[in-house]
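Just below is one structure, and these are the notes that go with it.
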Amino acid sequence: MSQSNIRNFSIIAHVDHGKTTLTDQFLKLTQPENRDLQERMMDSNPIERERGITIKLAPVRMEYKGYILNLIDTPGHVDFGYEVSRSLAACEGALLVVDATQGVQAQTLSNFQKATDLGLTLIPVINKIDLPSAEPERVALELMDSFGFAEDAICMVSAKTGLNVERILQQVIQTIPPPSGSPEATPRALLITSHVDEYKGAIAMVRVVDGALIQEKMVFCAGESEFQPIELGVFAPEMKVVSRLSAGEVGYVATGLKDIRDLKIGDTLTTALSKGVTPLPGFKEPQPMVFMELYPVDADDFVLLQDAIAKLSLRDAALQHTGCHSTALGSGVRVGFLGILHAEVVLERLEREFGLNLLATSPSVSYKVTLTSGEVEEVTTPAAMPDQTVIQEVCEPLATATIFCPSDLMSKVLDMVRERRGSFVSSEHLDTRVKLVCSVPLAEIITNFHDELKSLSSGYASLEYSVTSYQPVDVVKVTVLLNHEPVEALSFIAVRSQAEHKGRELVSKLKEVIPRQNFELPIQAAIGGSVIARETKKAYRKDVTAKLYGGDVTRRKKLLSKQAKGKKRMKQFGKVELDQAAFMAVLKR
Ligand code: GTP
């Protein structure tokens, strides 16, 4: 099909504003005979789905009235900003979908920004107009105000009932320009996303920008290894083999490569013969931002943990890991994540899908530490923080956060930002809402910032952030001592002025969650040699069935087996036994 009959677009929408439902409607319209598509479209990971985020979906190719419409999905969470920008870079246009009951949200706004920076044509869509609480007129005004859309350009639809959905496809054809790449030029294709297929190896989802891809030796500009592709194809939406992918087309290349790390999002794919070609702009190496150490509760599970992480990172190239060892916890893995939500999703998958029982250390950002010797070190765990006496300066990552919230909550949100060492940068009022731009240390964002913002605003505020610079910070390492023994895995890095408060908070939380031992247990937090907080956990009564006075055998058995199970989840620290709850207390602080 001619290049002028191709349209590449994506959907920009806040979580739950109806992206998936709308995609299903498009498929119903373009492939009315294919009934079980819905199931397949929803085939994302259950944990991601539960949390309302789709991390990865394949692009979908639809044929409609003589046109090829490629719908390229964008990941739906703040941790994946870069991936979103690469998906958008593969398109000429995007639908900006807004829920008629909720209006514009921060994520919509920041993705709108990314799309306009890339010069995309936008089609405004107001969804869920079937709901009684819908306020399409108000939201339309907001869209006109915030983004400067003309009133008659806005599509008012219900993705649920299908009302007016066809109008969107017509708009896509009429207003989004066809791809402009040159079919004669040296082949260059943008890698949008990737996954691993059991039989075909690492699969690259690409948008061909120039030239054409055929079955010949290929290479990624940022990579080294040349490969002979196993097959080329398109997602229709099932994988369908084609012999050629031409300029403007979206499809896949089954590379046969074993390691998904060779496939870096945003990289340029070209033929081995044209290896020196100028890569497409915008490529960045994946940058982990949040670090944690994971240890199996049962030391025997270490191999299982290694395998599980290796398996997950086969599908998730942003996940970085190396081995680590702690005297108290034994062998584990140190993992770098894109953000805290990415970390939570991975932890949950490790527990649910691989049945692992894990201890995770407090999440840490990456500090740049200048030593008195002049050397600069990157420190990502409390254990690795050098002694105060040899540190000249510590710098922490600083994020620019865009928060979108109802206007009347602005002062509360700003209070929260200041409490977390953030500062106000700018604000812009949009109808009844305000867009706040703030500067907030990443270390503050990764500890419940998002959750707190949500609860403060009853779910109405939204957040988007990216790390923009590093700033000097006065931090100390707070060590936790159980029974006077330091437990490295519970220690954390904090700003000096907050260290005492945080130490006290953690110690009292630990007192709640640490199971009673058969001796009196002092729980302390210390900076260097001086103790800043202390609690004492009383000894426990050993016989869990003591209060049962003979009698009920099944109840007694149940209690004993519960106790045995509890034991299994424990980790021994000197004389002290710790379970997962103690570590979760650090994590959730
Ligand atoms: P994520 O993939 O999690 O980002 O969400 P999404 O944007 O894909 O939203 P999804 O399509 O899953 O829709 C979220 C919820 O809104 C679902 O319960 C849908 O059934 C519902 N929904 C979507 N569109 C409409 C609509 O037009 N009307 C009504 N009443 N409900 C809708």
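Order of listing sets the numbers, starting from 1, for every ligand and every atom in it. Fair warning: this is a prediction, and the values are worked out from it, not measured in the lab.
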Checking heavy atoms under 4.0 Å, the part of H17 that sits near ligand 1 is backbone
Report the part of N127 (side chain from C-beta onward, or backbone N, CA, C, O) that has a heavy atom under 4.0 Å from ligand 1; answer both or neither where that applies. side chain
Ring pair (Phe, Tyr, Trp, His ring centres under 6.0 Å) between F147 and F112, worked out: CA-CA 8 Å; F147 307 117; F112 169 83; 4.2 Å; yes
Between A159 and ligand 1, is there a nitrogen or oxygen pair with a distance under 3.5 Å? yes
Do L131 and ligand 1 have an N or O pair less than 3.5 Å apart? no
Near Q170 CD, under 6.0 Å, is it more than 12 heavy atoms from other residues, nucleotides or ligands? yes
Residue pairs fulfilling salt bridge (Lys or Arg N to Asp or Glu O under 4.0 Å) with at least one residue in residues 99-114, sequence neighbours excluded: D99-K128, K114-E464
So if I count the atoms of ligand 1 from 1 in the order they appear, which ones are less than 4.0 Å from some heavy atom of K160? 25 (C), 26 (C), 27 (O), 28 (N), 29 (C), 30 (N), 31 (N)
R61/E249 salt bridge by N-O under 4.0 Å criterion: yes
With E452 via side-chain hydrogen bond (donor to acceptor under 3.5 Å, both in side chains) - residues at least two apart: R420
Option nearest atom 10 (P) of ligand 1 (shortest heavy-atom distance, choices T21, D16, D99, T74): T21
